[in-house]
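To keep things clear, I will list the structure first and then write my remarks on it.
Residue numbers begin at 1 in each chain, while the letters A, B, ... track the order of the sequences. This is a predicted model, so every value here is computed, not measured.
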Amino acid sequence: MEKKAFYLTTTLPYVNAEPHIGFALEIVHADIAVRYHKLCGYEVFFNTGTDEHGIKIYRNALEEGKDPQKYVDGYAEKFQNLKEKLNLYPDLHFIRTTEPRHVAAAQEFWRRCSNNGDIYKKNYTTKYCVGCELEKTESELVNGACAIHPNLAVELIEEENYFFRFSNYRARLIDMYEKRPDLVIPGYRFNEIRRFVEDGLQDFSISRLKKKMPWGVAVPDDPEHVMYVWFDALISYISTLGWPKDETNFTKFWGTVVKPNGIQMAGKDQIRQQAAMWQAMLMSAGLPPSKHILIHGFINVGGQKMSKSLGNVIDPIAIVDEYGADALRYYLARHIHPFEDSDFTMEKFKESYNANLANGLGNLAARVMKLAETHLSEPVKIEFVPYPAEFTQALDRYEVNTAMDYVWRRIQALDQKINITEPFKIVKTDKEKAVALIEELVRELAFIDEMLEPLLPATAGKIINAIMGNKKPENLFPRKEEQVSSSGRVPHFAMPKNKKKKKGDLNFS
RNA sequence: AGCGGGGUGGAGCAGUAGUAGCUCGCAAGGCUCAUAACCUUGAGGUCGCAGGUGCAAUUCCUGUCCCCGCAACCA
């Protein structure tokens, strides 16, 4: 029997900035889902990439005196490096929208929409904010300027553009929403987009005049136009599969109209593009819709938006360099909610790192394996134990945080078990019983390790190696104690907390 | 205005129709295998406010107050 196929794509980040913690969140959650499905026996296709066209990139490149292609090459490399930095699934597919295979796919997609009568030319004048790269309606302007970029002059655009007949798809979208109640997850996001579509749709512009802005995919049969960046970028979800040439691969992973299979992950600012525009585009091209669109929230810092001017931007690479990929993966998976907005501060990160990775998982692995190394003559044989329902149910719903909580309860339970059964004591009186006990502890550690595999793959590998070698592992997560606590007090860094109040101890601080 | 999210012990957050849970912090004790770690116990909450439905609501409904987002470096 053929393996079931699992397809998951992130949105493609626009390459005008360094990799962002928000994208790290998206791709780590995606990576966990992919690894989990792989372990469950699916054949998986995991896609990400870079969105490289558009006026903003064109202008940035010119400002830096670079050829646009050279400019995006530099950024694409930084994003490709995330694979290693975040310890992502080894077969991660990476598509760049400037690749010939993508360009060809975008053009074919255009042709199909056009043949279907959904693309037409229209003269129009609009106000356009270069900062947002968006047309602005009157109601969106404040004092005649873009509210987000008040310092940039709103440009008046009057030109002939190609438009997509989005308005034709209102009924069909609503109909699909009715039939596919799990298209957008979570449900309250689905309500948002449903209401938006019900309120009525306006056709949107999908091309730009080449003489003004040449940095885009050429529109078929019209040398004067290039595609608007959003139109071509969305198509990357299927161009990465080899569409339109590789029909087999495409159908296998993207599915069919009857049985869609493509799962997308995106931020809450992307609902409109992903759940409405893209779905209408797929209908127009005669292609299957998405199966699920998972919408995650944003990361705030200390209750505020991240912003350069506030100086509170979190750099995922810096965290990985200091703490390791799995430490960041841990935090994103357990403490950043899969759907709602979450807060990220370095204080919280460090607190959780010490509590749950150093003191929790790392210490547990060390104490179990030290017992094993000392008292067992050979490695414990490990058998695969099926994942518990509580764990799989959480991951099946993409509730990674709940799955993490479950694993950490097992970690705590194993710590408790060691304290209760006291093998380190029993070994002095009843070696045989102690050995049996320790073997049991190792097996339970292996069980925890199994669950860690999709979550913290590097750590999981180290632990299973330690088990198979019957050897205490290297220090998996060294404690970090150098910081001053958030209250400003110097921490009691040199004293164990269960002794710090004892009288008579010398205080080394 | 509208739409969306949120208001849970000192802090940060889960969660649920039926003894309210986690991390940190605090208090007392235990253990010594472990990364000055681990375990136990305790103090601390009328789960924003007011109504309603239920045998039962923090959990569902209605109203109301407050905070945040929809305006980001687009995630």
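Distance from the side chain of A/Lys428 is smallest for B/rC33 among the nucleotides B/rC31, B/rC24, B/rC33. Across B/rG4, B/rU35, B/rA75, the shortest atom-to-atom separation from the side chain of A/Phe23 is found for B/rA75. Comparing B/rG69, B/rG4, B/rC39 against the side chain of A/Lys268 picks out B/rG69 as the nearest. Nearest nucleotide to the A/Leu371 side chain, out of B/rC33, B/rU35, B/rC39: B/rC33. Considering only the side chain of A/Gln416, B/rU40 comes nearest among B/rC33, B/rU40, B/rU35. Distances from the side chain of A/Ile418 to the nucleotides B/rC33, B/rU35, B/rA75 place B/rC33 closest. Taking every side-chain heavy atom of A/Lys425 into account, B/rU32 is the closest of B/rC74, B/rU32, B/rC39. Looking at the side chain of A/Asn419, the nearest of the listed nucleotides B/rG30, B/rU32, B/rA75 is B/rG30.
B/rU58 sits 16 Å from B/rG52 when the C1' atoms are compared, rounded to a whole Å. To the nearest whole angstrom, the two C1' atoms, one in B/rC38 and one in B/rC33, are 10 Å apart. Comparing the P positions of B/rC66 and B/rA1 gives an interatomic distance of 11 Å, to the nearest angstrom. Distance noted for atom P between B/rG15 and B/rC55: 29 Å (whole Å). Nucleotides B/rC31 and B/rC22 have their P atoms positioned 24 Å apart, rounded to a whole Å. Between the C1' atoms of B/rG7 and B/rU64, the separation comes to 14 Å (whole Å). Nucleotides B/rU40 and B/rU23 have their P atoms positioned 10 Å apart, rounded to a whole Å. Spacing of C1' atoms, B/rU59 relative to B/rA17, comes out at 6 Å, to the nearest Å.
Residues A/Asp182 and A/Lys291 are not paired through a salt bridge, judged by the lack of any N-O separation under 4.0 Å between the basic side chain and the carboxylate. For A/Arg409 and A/Asp405, the salt-bridge test fails: no basic side-chain N is under 4.0 Å from an acidic carboxylate O. A/Glu52 and A/Arg96 are joined by a salt bridge, as a carboxylate oxygen and a charged side-chain nitrogen come within less than 4.0 angstrom of each other.
Dashed line: the shortest gap from a side-chain N or O of A/Asn359 to OP1 or OP2 of B/rC38 is under 4.0 Å. Distances shorter than 4.0 Å separate none of the side-chain N or O atoms of A/Lys417 from OP1 or OP2 on B/rC38. For the OP1/OP2 pair of B/rU23 and a distance below 4.0 Å, the side-chain nitrogens and oxygens of A/Asn354 include no atom meeting the criterion. The phosphate of B/rU23 (OP1 or OP2) has a side-chain N or O of A/Gln412 nearer than 4.0 angstrom. Contact annotation: A/Arg195 reaches the phosphate of B/rG4 (side-chain N/O to OP1 or OP2, under 4.0 Å).
Nucleotide B/rA11 has B/rU23 as its partner under the Watson-Crick or G-U criteria, with both atom distances under 3.5 Å. Across every strand in view, B/rG29 sits in a pair with B/rC39 that passes the Watson-Crick or G-U test at under 3.5 angstrom. When both distances must be under 3.5 Å, the Watson-Crick or G-U wobble mate of B/rU46 does not exist. The pairing partner recorded for B/rG69 is B/rC3, the criterion being a Watson-Crick or G-U wobble arrangement whose two distances lie under 3.5 angstrom.
Residue contacts for A/Ala355: at a heavy-atom cut-off of 4.0 Å it reaches the sugar-phosphate backbone alone, with no base atom in range. Contact annotation for A/Pro423: no contact, since no heavy-atom pair falls under 4.0 Å across all strands. Across all strands shown, A/Leu476 has heavy atoms under 4.0 Å from base atoms, whether or not it also approaches the sugar-phosphate. The residue A/Phe196 sits apart from the nucleic acid: no heavy atom pair falls under 4.0 Å. Residue contacts for A/Ile299: at a heavy-atom cut-off of 4.0 Å it reaches a base atom on one of the strands shown. At the heavy-atom level, A/Asp415 lies under 4.0 Å from the strands shown only through sugar-phosphate atoms. At a threshold of 4.0 angstrom between heavy atoms, the contacts of A/Gly22 include nucleobase atoms, whether or not backbone atoms are also involved.
Residue side chain A/Asn363 does not reach the base of B/rU35 through any donor-acceptor N/O pair under 3.5 Å, judged by distance alone.
Scored by the side chain to side chain contact (heavy atoms under 4.5 Å, CB included) test, A/Ala266 finds A/Thr11, A/Gln270, A/Gln274, A/Ile295 as partners (sequence neighbours excluded).
Between A/Trp230 and A/Phe204, the distance separating the two ring centers is not shorter than 6.0 angstrom. Ring centroids of A/Trp215 and A/Tyr71 are separated by 6.0 Å or more, keeping the two rings apart. Proximity of the aromatic rings of A/His93 and A/Phe45 is defined here by a centroid distance below 6.0 angstrom, and this criterion is met. A centroid separation of 6.0 Å or more is found between the aromatic rings of A/His375 and A/Phe424. Ring to ring, A/Tyr323 and A/Tyr353 are close: their centroids are under 6.0 angstrom apart.
Glycosidic conformation, B/rG54: syn, with the torsion inside 90° of 0.
For the pair A/Arg410 and A/Phe447, the cation-pi criterion (under 6.0 Å, within 45° of the ring axis) is not fulfilled.
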Pairs under 3.5 Å (N/O, protein and nucleotides 8-18 of chain B):
unit_1	atom_1	unit_2	atom_2	d
B/rG12	O3'	A/Lys348	NZ	3.4
B/rG12	O2'	A/Lys348	NZ	3.3

